[in-house]
Protein chains: 4
Amino acid sequence: MKTPNPARRSERSRRAILSAAFDLVAEAGYAKLTVEAIAARAGVGKQTIYRWWPSKGAVFVDAVLSLSEDDTGGLSLPDTGDLRADLSGVLRAIVDEYNDPRLDAMSRALTAESLADPTLNSEITARILGPLLEVTKDRLRSAQRAGQVAADADLSVAVELLYGPIYHRWMLRTHPLTHEYADTVVEFALRALEPAH
Amino acid sequence: MKTPNPARRSERSRRAILSAAFDLVAEAGYAKLTVEAIAARAGVGKQTIYRWWPSKGAVFVDAVLSLSEDDTGGLSLPDTGDLRADLSGVLRAIVDEYNDPRLDAMSRALTAESLADPTLNSEITARILGPLLEVTKDRLRSAQRAGQVAADADLSVAVELLYGPIYHRWMLRTHPLTHEYADTVVEFALRALEPAH
Amino acid sequence: MKTPNPARRSERSRRAILSAAFDLVAEAGYAKLTVEAIAARAGVGKQTIYRWWPSKGAVFVDAVLSLSEDDTGGLSLPDTGDLRADLSGVLRAIVDEYNDPRLDAMSRALTAESLADPTLNSEITARILGPLLEVTKDRLRSAQRAGQVAADADLSVAVELLYGPIYHRWMLRTHPLTHEYADTVVEFALRALEPAH
Amino acid sequence: MKTPNPARRSERSRRAILSAAFDLVAEAGYAKLTVEAIAARAGVGKQTIYRWWPSKGAVFVDAVLSLSEDDTGGLSLPDTGDLRADLSGVLRAIVDEYNDPRLDAMSRALTAESLADPTLNSEITARILGPLLEVTKDRLRSAQRAGQVAADADLSVAVELLYGPIYHRWMLRTHPLTHEYADTVVEFALRALEPAH
DNA sequence: ACTTAAGCGAGACGGTACGTCGCGTCTTCTC
DNA sequence: GAGAAGACGCGACGTACCGTCTCGCTTAAGT
């Protein structure tokens with residue numbers, strides 16, 4: 001099992017494969033994605049796929065990631081000084097994404113894939129989720145300095161207080177995801193995090 | 001598509017199929033579960049499976065559910081008067097379950113399945129998750145009457161404040177799930193829910 | 001394995017089964033005949049078929065035979081004194097039957113069935129073919145008495161001289177089966193059988 | 001329905017499939033031949049069979065044909081000048097073949113298959129039966145030139161006069177097939193074909 | 001006339017084989 | 001030497017029928 005020489009890799013094929021994978025999922029759902037279909041649609045031999053990716057899940061994750069990285073990093077988290085507004089902004093944005101059927105389907109597919117394959121899970125965590133949590137923590141740290149958040153609050157838990165409820169509701173479809181809901185979550189979180197009184 | 005006559009259904013086969021499915025997942029993981037293996041292990045024709053379940057996922061969900069329903073309701077939620085202790089009890093119990101590799105694998109398989117098939121999702125929600133959320137809300141309602149929780153708090157959100165962070169951490173494997181973590185979550189949640197001061 | 005009591009046999013079911021079998025073959029060909037289809041079409045339980053016939057081939061053969069026995073014995077072989085004319089009559093009649101697509105298909109199905117199952121073969125031979133050969137031999141015997149056929153000719157072979165070529169051509173589709181052909185065969189056969197000169 | 005590229009066809013698989021099919025029929029009879037068994041015995045995927053043959057019948061016919069074509073033409077028909085002896089030779093040889101249980105079974109299977117599938121019928125006719133009839137006609141033509149057979153005899157019918165009775169007796173099992181029988185048939189045929197006297 | 005057991009319709013069952021799909025590997029030929 | 005093309009061995013799919021096996025129901029026979 002010799003590893004191929006990346007220098008020789010065809011950029012045209014790489015792109016074609018990723019975009020074929022993405023389009024196929026968009027059209028028919030992740031469950032119907034097959035390596036053969038990707039190869040056919042991309043005008044590529046199957047071997048070319050297997051040479052560079054370990055599984056079709058990896059191709060798909062790559063496809064999604066390469067797309068989301070074309071954006072300037074997805075969600076931003078401004079620091080206007082108004083913590084409540086800043087957090088509400090992110091959460092509402094996330095709610096909007098989950099309410100877009102296209103993105104919803106993609107996210108669920110990605111999640112399902114990551115459940116079955118720990119490798120993909122870490123990749124997703126590292127490349128999508130991690131950065132989001134990080135910038136959020138940054139914002140909370142800044143709020144700590146401003147005395148809006150208890151100095152001793154564990155920020156790793158704090159971010160989960162924000163994103164956990166949203167994620168829970170999205171994954172389990174217990175109730176609709178709305179902007180009000182996002183705001184309620186922010187409200188609760190801020191109360192939980194506020195300095196001792 | 002004629003629906004079979006349930007009156008004639010063989011109880012012996014039903015049981016054999018469910019327990020075969022469960023055992024196979026326990027032994028080799030959900031990814032390797034096949035209808036043929038279930039049929040073989042259960043000593044049953046494939047058609048008998050397809051006659052009564054639409055997919056192997058449905059069989060598996062049924063298997064898990066029928067098992068979890070042999071227990072008299074699984075998790076209980078006592079009302080000792082000490083809200084913090086009561087909640088900490090449930091969350092720690094859940095953390096323990098997620099830390100049991102067997103149950104962890106089952107839950108992830110169940111979750112992955114429910115991502116791909118909304119029907120299963122609702123079934124799981126209705127038969128496993130729903131009851132848990134319900135008893136939790138009951139406990140919180142009792143706490144409201146006792147003045148430990150703000151009277152106007154939206155309890156649907158409140159339960160997500162409790163379970164959301166745990167679920168988030170479990171699903172995304174961002175950090176280890178510990179009893180301390182459970183307690184921290186309870187702490188934050190109680191602070192968020194406490195009556196205005 | 002107790003043999004069922006024929007006295008209790010339902011005549012209505014028997015008829016329904018035979019005619020369902022016959023019709024199904026007529027409609028879709030023998031290859032697509034199934035026991036389940038016969039049962040369904042006849043409004044009969046499968047067990048009723050298995051109780052009275054050993055195989056679907058047997059049902060079909062029975063169906064054909066029961067039909068052909070409604071006729072007064074099928075082909076007749078008159079003795080007008082004109083041997084050539086009498087034989088030409090039968091052979092032409094047989095040729096006509098083989099040229100009827102319905103009968104052609106039935107005969108081929110019957111033949112195929114008898115190839116796979118020696119039991120059916122003997123039944124067919126006994127109930128359809130045998131009588132034909134017998135009456136033909138009778139006619140030839142009468143011709144022997146009239147001095148038109150060599151006294152020492154082996155009549156078992158003689159009839160095969162008549163039917164063999166026709167059968168050969170029908171089975172193997174080497175050439176079309178026509179009345180002229182029937183007459184040529186009769187001509188050759190008579191020449192082969194004529195008394196020494 | 002894209003047709004596969006024959007250039008890429010694996011010769012090794014082709015051979016293995018044909019010989020597996022042949023052996024399986026020899027061992028257990030045509031009725032028990034299955035595509036799965038062929039594939040398993042040949043060490044081949046089922047798809048490889050379906051890629052190149054339309055049905056298991058076609059595989060079997062191919063198997064038989066490819067074997068019979070390894071022989072340099074099978075039956076020969078010498079021209080010794082003695083027509084009776086030459087014809088008796090072929091008919092006796094054919095009788096011998098039909099009396100070999102192995103060949104008998106093969107021939108019946110082949111015949112049954114050709115009854116159900118006209119395509120196979122023509123193939124068999126073209127590759128096995130046709131050549132035999134042709135060399136026989138050649139021999140009779142030579143006999144015509146020698147004045148042993150009527151100049152105006154229709155040779156297509158003549159050959160059926162020879163093979164028809166044998167075939168009839170073999171197929172319908174009315175009487176045993178013996179060398180004497182073969183000779184009797186030749187005798188009758190020669191008498192039928194002899195020039196006017 | 002009344003049981004009572006057989007035949008019957010229906011159809012679920014354990015199986016075998018079907019013909020198809022997709023996997024991941026391998027081979028051949030091209031650029 | 002990477003890539004397009006696609007045949008291959010393999011494993012599983014979901015379906016069609018097989019022949020067997022209960023289920024109630026009906027129906028004729030024998031008390």
Side-chain angles (χ1 to χ4, degrees), chain A residues 1-2 4-10 12-14 16 32-40 42-52 54-56, chain B residues 2 4-10 12-14 16 32-37 39-40 42-52 54-56, chain C residues 1-2 4-10 12-14 16 32-40 42-52 54-56, chain D residues 2 4-10 12-13 16 32-40 42-52 54-56:
Chain A
M1 170 166 165
K2 68 172 95 165
N5 176 356
R8 292 240 180 188
R9 180 167 192 179
S10 155
R12 135 195 286 281
S13 294
R14 206 193 111 259
K32 294 197 177 158
L33 185 67
T34 69
V35 173
E36 301 205 324
I38 298 174
V44 136
K46 284 200 287 175
Q47 197 57 52
T48 301
I49 297 180
Y50 286 112
R51 196 164 7 243
W52 302 109
S55 69
K56 75 178 171 186
Chain B
K2 68 170 119 173
N5 178 355
R8 295 234 181 280
R9 180 166 191 178
S10 156
R12 138 192 286 279
S13 295
R14 205 194 110 257
K32 295 200 176 155
L33 184 66
T34 69
V35 174
E36 299 206 324
V44 138
K46 281 201 285 177
Q47 198 57 52
T48 300
I49 297 179
Y50 286 112
R51 195 164 10 242
W52 302 109
S55 69
K56 76 180 169 187
Chain C
M1 170 169 165
K2 71 172 94 165
N5 176 356
R8 292 226 178 202
R9 180 168 191 177
S10 156
R12 137 195 286 281
S13 294
R14 205 194 112 257
K32 295 198 175 157
L33 184 68
T34 69
V35 173
E36 301 205 322
I38 297 173
V44 137
K46 285 200 287 174
Q47 195 62 259
T48 301
I49 297 180
Y50 286 112
R51 195 165 7 243
W52 302 108
S55 69
K56 76 178 169 187
Chain D
K2 70 169 120 174
N5 178 354
R8 294 234 184 281
R9 179 167 192 178
S10 156
R12 137 192 287 279
S13 295
K32 295 201 175 152
L33 184 67
T34 68
V35 173
E36 299 205 324
I38 298 174
V44 137
K46 281 200 285 177
Q47 198 57 53
T48 300
I49 297 180
Y50 286 112
R51 194 162 14 240
W52 303 108
S55 68
K56 76 177 170 188

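Letters A, B, ... mirror the listed sequences (proteins, then strands); counts begin at 1.
Between D:I49 atom CD1 and E:dA17 atom P there is a gap of 14 Å when expressed in whole angstrom units. E:dC13 atom P lies 14 Å from atom CD of C:E36, rounded to whole Å. Between the NZ atom of A:K32 and the C1' atom of F:dC13 there is a distance of 15 Å, rounded to whole Å. Going from atom CZ of D:R12 over to atom P of E:dT28 covers 13 Å, rounded to whole Å. Atom-to-atom, CD1 of A:I38 to C1' of E:dG22 comes out at 12 Å; the value is rounded to the nearest Å. Computed from coordinates, the B:N5 CG to F:dT22 C1' distance equals 13 Å when rounded to whole Å. In this structure, B:R14 atom CZ and E:dA12 atom C1' are separated by 16 Å, rounded to whole Å. Taking atom CZ of C:R8 as the reference point, atom C1' of F:dT26 lies 11 Å away to the nearest angstrom.
Between C:R51 and the phosphate of E:dC8, there is a side-chain N or O to OP1/OP2 separation shorter than 4.0 Å. Between D:T48 and F:dG9 there is a side-chain N or O to OP1 or OP2 distance below 4.0 Å. Within the structure, a side-chain polar atom (N or O) of B:S13 is placed less than 4.0 Å from OP1 or OP2 of E:dG14.
With E:dC23, E:dG19, F:dC18 as the candidates, the nucleotide lying closest to the side chain of C:Y50 is F:dC18.
For the residue pair B:L33 and B:K56, the shortest heavy atom distance occurs at O-NZ, 2.9 Å. Smallest separation of non-hydrogen atoms from C:W52 and C:N5: CH2-O, 3.7 Å. Nearest heavy-atom pair across B:A39 and B:I49 is N-CD1, 3.8 Å.
Taking for each of C:W52 and A:K56 the nucleotide of DNA chain E with the nearest heavy atom, the 5'-most of the two is the partner of C:W52. Judged by closest nucleotide on DNA chain F, A:A40 is the one of D:G45 and A:A40 placed further toward the 5' end. In this structure, C:T34 and D:S10 both approach DNA chain F, and ranking their closest nucleotides by distance from the 5' end singles out D:S10. In this structure, D:S55 and C:Q47 both approach DNA chain E, and ranking their closest nucleotides by distance from the 5' end singles out C:Q47.
Heavy-atom neighbours of C:R12 CZ from other residues, nucleotides or ligands within 6.0 Å: at or below the threshold of 12. Few gaps surround CZ on A:R9; more than 12 heavy atoms of other groups in view lie less than 6.0 Å from it.
Evaluation of atom-type donor-acceptor distances gives a pair under 3.5 Å for the side chain of A:K46 against the base of E:dG24.
Nucleic acid contact class of B:R9 (heavy atoms, under 4.0 Å, all strands): sugar-phosphate only.
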